[in-house]
Amino acid sequence: MTRKKLASVLLGAAATAALLLSPATAASAQAATGTASARAGIERDSVSCSKPKGKWANYSWGEGNTTATIYFNNHCSHKVSVKIMFVRKGSVGDKAAKYRCMTVNANTKGKKKFYAAAYKPYSVTRVARCS
C-alpha cells in the first residue's frame with residue numbers, strides 16, 4: 001500500500017471514530033430517544049375512595065392508532081364507576097368529546113380497551129353508577 005493510500009485510510013477511520021465518539025452525537029441520540037418516549041407518554045388520573053379513607057382508584061392510559069387502553073388499580077373496598085372523557089385527536093380549541101363509563105370491582109387491577117380511532121382519553125371523573 002502506498003503512503004498516500006495509507007494516509008487517506010487512516011484519516012477516514014479517524015474521522016469515523018471521531019463522529020462515533022463525539023459527545024454531540026451521543027447527546028443527539030439520547031435526545032432522540034427521550035423525544036420518542038415523551039411521545040409515547042402515559043397519562044394518569046385518580047379518584048378517591050369512600051372506604052377506606054385515604055385510598056385511591058388509579059387510572060392510566062396510553063393511546064394507539066385506533067384504540068386506547070385504560071389501566072386501573074382499585075384500592076377501594078367497593079366498586080368504583082368512572083366516566084372517561086375522550087377528546088378528538090388534533091383538536092386545538094375544539095373540545096369535541098365522547099364519554100364512556102367503566103365500573104371496576106373492589107381491590108382489583110386490570111385493563112380495558114376502548115375503540116376510539118379519532119379520539120384520545122383526556123380525564124377520568126367519578127360517577128355514582130354507569131347507566
Side-chain angles (χ1 to χ4, degrees):
M1 190 178 271
T2 65
R3 180 176 223 149
K4 194 173 199 180
K5 285 185 181 177
L6 182 60
S8 66
V9 169
L10 290 174
L11 285 175
T16 304
L19 284 175
L20 291 175
L21 298 176
S22 73
T25 305
S28 65
Q30 187 177 13
T33 306
T35 305
S37 64
R39 258 187 264 133
I42 304 292
E43 295 186 49
R44 293 178 172 83
D45 208 347
S46 302
V47 294
S48 61
C49 298
S50 301
K51 293 184 265 181
K53 294 286 184 195
K55 297 282 185 170
W56 296 84
N58 302 310
Y59 298 86
S60 63
W61 54 87
E63 62 175 294
N65 292 331
T66 59
T67 62
T69 303
I70 308 290
Y71 299 89
F72 59 88
N73 189 355
N74 184 6
H75 297 280
C76 305
S77 60
H78 54 82
K79 286 184 179 181
V80 174
S81 296
V82 293
K83 180 171 62 174
I84 304 162
M85 182 170 120
F86 289 84
V87 296
R88 191 183 312 268
K89 291 180 183 176
S91 64
V92 178
D94 177 27
K95 287 268 182 164
K98 283 185 177 181
Y99 296 92
R100 297 289 182 259
C101 200
M102 182 169 86
T103 301
V104 297
N105 290 325
N107 298 311
T108 59
K109 65 180 181 178
K111 63 185 178 181
K112 179 163 173 62
K113 186 178 283 193
F114 291 91
Y115 293 90
Y119 291 82
K120 64 181 181 178
Y122 185 73
S123 67
V124 174
T125 308
R126 184 160 185 187
V127 292
R129 79 170 83 153
C130 289
S131 47

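Keep in mind that this is a model prediction, so the values were computed, not measured.
- One distance of note links CZ of R100 with NZ of K112; it measures 10.0 Å at 0.5 Å rounding.
- Of all heavy-atom pairs spanning I42 and G62, the tightest one is CD1-CA, 4.5 Å.
- Separating the NZ atom in K120 from the CE atom in M85 is a distance of 10.5 Å, to the nearest 0.5 Å.
- To the nearest 0.5 Å, the span separating OG on S48 from CZ on R126 amounts to 6.0 Å.
- Y119 and Y99 are not part of a single hydrophobic cluster, where members link through side-chain heavy atoms under 4.5 Å apart.
- Among all heavy-atom pairs drawn from V47 and V80, the shortest one is CG2-CG1, 3.9 Å.
- Remark: S81 engages T103 in a side chain to side chain donor-acceptor pair (under 3.5 Å) (not counting sequence neighbours).
- Side-chain atoms of N74 come within 3.5 Å of backbone N or O of N105 as a donor-acceptor pair.
- Note on residues 48-90: pairs passing ring-ring contact (aromatic ring centres under 6.0 Å, His included), not counting sequence neighbours, are F86-F114.
- Tracing side-chain contacts under 4.5 Å through hydrophobic residues (I, L, V, M, F, W, Y), one reaches M102 starting from V124; they form part of the same cluster.
- Note: K113 NZ to T67 OG1 = 4.5 Å, rounded to the nearest 0.5 Å.
- Applying the side chain to side chain donor-acceptor pair (under 3.5 Å) rule to S46 yields the partners N58; only residues at least two apart in sequence or on another chain are considered.
- Within the 3.5 Å criterion, the main-chain N or O of K51 finds a donor-acceptor partner in the side chain of S77.
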